[in-house]
Amino acid sequence: MTTQPSQTAPVHVIGGGLAGSEAAWQIAKAGVPVVLHEMRRDEPPSSSEAIGQIKRVRTEAHHTDGLAEMVCSNSFRSDDWQFNAVGLLHAEMRRCDSLILSAADQHQVPAGGALAVDRDGFSAEVTRRLEAHPLVTIVREEIVGLPPADWDNVVVATGPLTSAPLADAILALTGEGQLSFFDAIAPIIHLESIDMSVAWRQSRYDKEGPGGDAAAYINLPMDKAQYEAFIDALIDGPKAEFKDWEHVPYFDGCLPIEVMAERGRKTLRHGPMKPVGLTNPRDPTVKSYAIVQLRQDNALGTLWNMVGFQTKLKHGAQAEVFRMIPGLANAQFARLGGLHRNTFINSPRLLDRSLRMKVEPRLRFAGQMTGVEGYVESAATGLLAGRFAAAERLGRTLAAPPATTALGALVDHVTGGHIASEDAGKSSFQPMNINYGLLPPMEAPKTGEDGVKIPLKERGRAKKRLMSLRALADLETWLAG
Ligand SMILES: Cc1cc2nc3c(=O)[nH]c(=O)nc-3n(C[C@H](O)[C@H](O)[C@H](O)COP(=O)(O)OP(=O)(O)OC[C@H]3O[C@@H](n4cnc5c(N)ncnc54)[C@H](O)[C@@H]3O)c2cc1C
């Protein structure tokens with residue numbers, strides 16, 4: 001059957017940010033009409049209002065009514081596709097004809113190896129291209145509840161500052177605990193950078209988990225002097241400030257570790273660093289004074305999170321302070337900790353592999369709402385949600401890209417790769433940037449393409465390059481299919 005695009009019912013995209021703009025572009029490019037609903041707008045004064053009083057509707061962080069506004073930094077981070085996972089994501093998105101990457105390339109400013117842009121020129125370019133597309137209709141309105149029943153194919157991409165009426169409606173649909181309004185992020189470490197000659201695997205009291213594993217955690221022991229020095233570093237370390245409008249509450253069970261340390265020097269060793277039920281096999285007669293535990297974070301087993309270590313320490317300070325922990329001297333962090341105002345759903349439980357909500361499949365999610373973190377990752381999920389939505393409208397099925405690609409790894413992580421640890425009914429799922437730990441690992445090569453031996457310290461880089469080459473080759477196959 002030949003599709004007549006002009007007679008095809010539109011897909012609705014809610015939110016014209018990084019994800020929604022990309023989704024709308026991908027849908028229109030597939031020949032499917034799309035209506036993009038964005039609440040930010042400038043309304044002219046009504047006759048009863050004072051002349052010149054334009055009503056400006058914004059979120060707390062957006063300053064303009066431009067589509068794809070970058071609310072803070074003007075950088076899309078590293079553009080190095082060979083050795084950096086976000087650079088690889090750029091390369092994949094360019095191959096998928098991404099509007100965000102194309103507008104960024106057009107408006108880039110000098111930034112060394114990073115892709116940084118003139119933010120106003122970039123946003124104006126995205127807005128212009130979407131406005132000019134014959135299949136795109138942009139409606140400046142807030143969606144204040146679940147979309148009308150006759151919208152049968154919707155992408156929700158309303159971002160970290162989703163307006164309250166829509167967030168409330170999503171919460172009512174998903175249920176208590178399935179939508180978060182704040183993130184509380186503990187750092188995540190690449191397994192290969194943990195010194196296992198210091199660490200050991202054991203669950204507290206050797207308690208077996210549902211899978212029968214009694215050695216599920218990685219344990220990092222501290223003596224008294226190491227603990228005291230660590231507490232000092234936590235208390236003295238520079239902290240990131242909350243913005244006035246964030247109103248991030250400190251809730252029980254989720255206090256930043258430095259706040260716990262400030263409440264009493266022993267609080268942490270009675271809390272997340274308690275040493276009970278654990279025995280260091282290298283020194284079984286000596287009781288550790290405190291123990292940091294790491295829990296597996298992804299199904300591949302390549303990433304481990306620091307249990308209970310949500311923190312507001314500044315990123316630079318985090319790496320320095322956490323490398324004081326025995327076994328983490330050379331730790332490589334896939335994600336550093338943080339606490340922010342954010343809106344995201346418990347995607348591993350709620351979404352299927354094509355980003356559709358299982359209980360309401362007409363709703364597809366994209367962007368920061370899905371639990372990815374960052375401009376590029378948000379746009380990447382918008383790109384996929386747009387392609388999935390368009391394929392569905394055209395009566396086709398489209399599988400997600402393979403997990404060996406950065407695009408596929410990201411969607412796999414949010415829809416299933418994260419290993420859930422449900423403590424007291426609270427989801428452990430927290431926002432994630434793209435990183436190589438989300439892709440299936442490869443052996444580090446010992447020799448280069450020219451047959452010459454690669455020095456030991458350069459093998460990690462060589463492995464990243466191999467993984468990037470594999471990703472781009474697999475993406476080409478996916479695109480061709
Ligand atoms: C303060 C702050 C600073 C950040 N800084 C950075 C940074 O420096 N670098 C980085 O990589 N990431 C940053 N992020 C994280 C994140 O990557 C960005 O917020 C990114 O813009 C997310 O893309 P998105 O499309 O999901 O959401 P957004 O880009 O925020 O787009 C969502 C859109 O939906 C609209 N909207 C919301 N509710 C409704 C509704 N009910 N109806 C219609 N429209 C609605 C909003 O107006 C907005 O335009 C920051 C986030 C915040 C909150």
Side-chain angles (χ1 to χ4, degrees), residues 12-25 35-41 56-78 86 89-90 99-100 104 114-117 119 122-123 126-127 130 138-147 151 154-170 181-183 185 240-248 315 335 338-345 347 355 365-383 385-386 410 414 431-434:
H12 293 266
V13 176
I14 310 177
L18 275 298
S21 300
E22 184 66 60
W25 178 253
V35 183
L36 177 58
H37 307 261
E38 168 52 56
M39 72 176 188
R40 286 178 291 121
R41 59 194 185 275
R56 297 187 199 283
V57 181
R58 304 283 186 264
T59 73
E60 295 91 337
H62 291 83
H63 296 294
T64 75
D65 64 350
L67 300 179
E69 178 182 336
M70 300 167 87
V71 287
C72 186
S73 144
N74 68 330
S75 171
F76 289 105
R77 310 185 342 254
S78 172
V86 79
L89 194 53
H90 292 173
L99 170 63
I100 295 298
L115 175 59
V117 301
R119 70 179 73 232
F122 163 77
S123 167
V126 172
T127 308
L130 284 169
I138 300 170
V139 182
R140 297 287 182 163
E141 64 177 358
E142 178 183 353
I143 304 300
V144 290
L146 289 185
W151 294 12
V154 183
V155 177
V156 182
T158 43
L161 304 172
T162 294
S163 74
L166 178 58
D168 290 346
I170 294 169
F181 293 98
F182 304 95
D183 54 37
I185 301 179
E241 300 292 329
F242 288 119
K243 308 222 168 38
D244 288 346
W245 50 264
E246 284 190 289
H247 309 298
V248 176
H315 278 184
R335 176 183 85 186
L339 267 87
H340 310 98
R341 171 77 178 81
N342 198 354
T343 314
F344 63 100
I345 56 172
S347 295
L355 300 171
F365 282 74
Q368 195 100 353
M369 286 284 279
T370 64
V372 297
E373 172 68 32
Y375 299 144
V376 187
E377 290 84 342
S378 295
T381 54
L383 184 150
L410 207 53
V414 297
M432 182 62 117
N433 283 123
I434 187 68

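Model, not experiment: these values are computed from the prediction. As the structure lists them, so they are numbered: ligands from 1, and atoms in each ligand from 1.
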**OP:** Mind checking whether Glu377 contacts ligand 1 via backbone (N, CA, C, O), side chain (CB onward), both or neither, at a 4.0 Å heavy-atom cut-off?
**Re:** neither
Subject >> Region of Asn342 that comes within reach of ligand 1 [heavy atoms, distance under 4.0 Å] >> reply: neither
**OP:** Could you pull out all residues at least two apart from Ser73 that satisfy side-chain hydrogen bond (donor to acceptor under 3.5 Å, both in side chains)?
**Re:** none
Original post:
Do Val414 and Met432 have side chains that get closer than 4.5 Å, going by heavy atoms?
Top reply: no
Original post:
Counting N and O atoms only, with roles assigned by atom type, does the side chain of Thr158 sit under 3.5 Å from a partner on the main chain of Gly15, one being a donor and the other an acceptor?
Top reply: no
Original post:
Nearest to atom 26 (O) of ligand 1, what protein heavy atom do you find, and at what distance?
Top reply: Gln368 N, 2.8 Å
**OP:** Starting from atom 42 (N) of ligand 1, find the nearest protein heavy-atom neighbour and note its residue, name and distance.
**Re:** Ile143 N, 3.0 Å
Subject >> Region of Thr59 engaging ligand 1 - heavy atom pairs below 4.0 Å >> reply: side chain
Subject >> For atom 14 (N) of ligand 1, closest protein heavy-atom neighbour >> reply: Tyr375 CE2, 4.4 Å
Original post:
Has the side chain of Glu22 got a donor or acceptor atom that lies under 3.5 Å from a matching backbone atom of Leu383?
Top reply: no
Original post:
Which one of Ile345, Leu355, Thr381 satisfies the side-chain contact (heavy atoms from CB on, under 4.5 Å) criterion with Phe365?
Top reply: Ile345
**OP:** Indicate yes or no for a side-chain donor-acceptor contact from Glu38 to the backbone of Arg40 under 3.5 Å, with no hydrogens or angles considered.
**Re:** yes
Original post:
Of the choices Ile170, Val71, Val376, which has the non-hydrogen atom that lies closest to atom 3 (C) of ligand 1?
Top reply: Val71
Subject >> Min N/O separation Glu69 to ligand 1 under 3.5 Å >> reply: no
**OP:** List every atom of ligand 1 that sits less than 4.0 Å from any heavy atom of Ser163, numbering the atoms from 1 in the order shown and giving each element.
**Re:** 37 (C), 38 (N), 40 (C), 41 (N)
Original post:
Tell me, which protein residue and heavy-atom name are nearest atom 44 (N) of ligand 1, and how many Å apart are they?
Top reply: Met39 N, 3.3 Å
Original post:
Under 4.0 Å from any heavy atom of Ala157, which atoms of ligand 1 are there?
Top reply: 32 (C), 33 (C), 34 (O)
Original post:
Applying a strict 4.0 Å limit to heavy atoms, is Glu141 in contact with ligand 1?
Top reply: yes
Subject >> Polar proximity ligand 1 side, Glu38 side, N/O cut 3.5 Å exclusive >> reply: yes
Subject >> Taking atom 53 (C) of ligand 1 as the reference point, the nearest protein heavy atom with its distance >> reply: Pro160 CG, 3.9 Å
Original post:
What is the nearest protein non-hydrogen atom to atom 28 (P) of ligand 1, stated with its residue, atom name and distance?
Top reply: Gly17 CA, 3.9 Å
Original post:
What's the shortest distance from atom 8 (O) of ligand 1 to any protein heavy atom, and which residue and atom give it?
Top reply: Ser73 N, 3.1 Å
**OP:** Could you find the nearest protein heavy atom to atom 39 (C) of ligand 1 and give me its residue, atom name and distance?
**Re:** Thr158 CG2, 3.4 Å
